[in-house]
Amino acid sequence: MRYGFISDVHANLEALEVVLAHLDRQRVDAIVCLGDMVGYHANPNECVSLIRQNAQVCIAGNHDRAAVGSLEPIEFSATARHAIEWTRGVLESEHAAFLASLPVYRPLDAETFLVHGALYPTPNDRFHLTKPERIAQSFGMLISGKIPARVCFFGHTHRAVAYRCDGEGKAAEPVHPHGGSWCIELAAEGYYLINPGSVGQPRDDDARAGCAVFDTSRGTLELHRLEYDFASTLRRAEAHGLIHRPSLARRSLEFAHQRVDDAKDLARRVLRRSVVRSARS
Ligand code: ZN
C-alpha cells in the first residue's frame with residue numbers, strides 16, 4: 001500500500017488543495033487524515049468536505065472535537081479559542097456530524113497505529129510529542145505491546161519528524177525535524193513515531209504545506225513540502241477576524257518572509273493592526 005498522510009489542515013483551503021493534488025500525482029492508494037481539520041483558518045466547511053471526499057481514513061483532533069462541542073477549548077490559546085467559536089457558528093451540520101463521529105485514535109493495519117496527540121497514558125489528542133520524556137513514554141506503549149503496532153503516525157505538534165527507537169527503548173536521533181522534503185527507508189526492526197507535518201499551519205522551520213507518503217511494500221517514508229498561495233489564506237482569515245492576535249500575526253509574518261513574497265505586506269499590515277488592537281485593549 002502507498003498511503004498519503006495529511007494532518008492539521010486547520011481550515012486552510014489553499015494549502016489543502018495543493019497537497020491533495022500533489023498526493024494524487026504521487027499515486028497513493030489511500031489518504032489518511034490525522035485530525036485537526038478545522039480551527040485557525042477560514043474554510044472549515046470546504047476543508048472537511050474535501051477531506052471527506054478524498055481521505056479513506058480519518059481521526060479527530062482536539063480542534064475538531066472542540067468545534068463540535070465534545071471538548072471545551074479551555075486549554076486553547078485565545079486565538080485558537082476565538083477561531084473555534086467562529087467555526088462553531090459556521091460549520092454545516094453534516095460536517096459537524098462527521099467530525100463528531102470520528103475516534104481520536106485507531107489502528108491503520110496490523111503494524112501501524114494512528115493517534116492525533118500521544119499514546120501515553122492512553123492514546124489522546126491532548127499531549128504534544130515534543131519533549132523526550134513524552135516521546136519515550138509513547139515508545140513504551142509500542143514496545144510493551146499495549147499498543148500492538150511498530151509504527152505510529154501522530155499529528156498535533158505541526159512539525160514533520162520521524163523518531164526511531166530500538167526494542168530496548170533506546171531512541172535514535174530524530175530525522176530532519178526542521179522542515180524541507182526528505183525520504184528515509186524504515187528499518188525492518190525497531191519502532192517509529194512519525195509526524196507528517198501540518199498542511200495548514202506548520203510550526204517547524206518550513207512554512208510550506210507538509211504531507212507524507214508511506215509506501216509499506218518498499219518500507220519508505222517521504223516527507224514533502226509544497227508551496228501554496230499563503231497570501232490568499234491570510235487575506236481570508238483576516239476578513240473573518242480570525243487573525244487578530246500579535247502572536248499569530250507575527251508567526252504569519254515569519255512564514256511570509258520565508259516563502260511567499262506577496263504575503264509580506266499583508267502580514268505586516270495584520271501584525272501592525274494586531275499590535276495596535278492589543279495596545280488598546
Ligand atoms: Zn493542530
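Atoms within a ligand are numbered from 1 in the order they appear, just like the ligands themselves. Side chains included, hydrogens not; waters and symmetry mates left out as well; all remaining heavy atoms used.
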Can you sort out the partners of [X] under side chain to side chain contact (heavy atoms under 4.5 Å, CB included), two or more places apart, ordered by chain and number?
X	answer
Pro148	none
Gln56	Ala30, Ile31
Asn12	Glu14, Ala15, His41, Tyr228, Thr233

Exercise for the section: Establish, yes or no, whether a centroid distance under 6.0 Å links the rings of Tyr192 and Tyr163. Expected result: no
Q) Does NZ or CZ of Arg150 fall inside the cone over Tyr191's six-membered ring, less than 6.0 Å from its centre and within 45° of the axis? A) no
Listing protein N, O or S under 2.8 Å around the Zn ion (ligand 1) gives Asp8 OD1, His10 NE2, Asp36 OD2, His158 NE2
side-chain hydrogen bond (donor to acceptor under 3.5 Å, both in side chains) with Thr157: of Thr130, Asn195, Asp8, only one passes, and it is Asn195
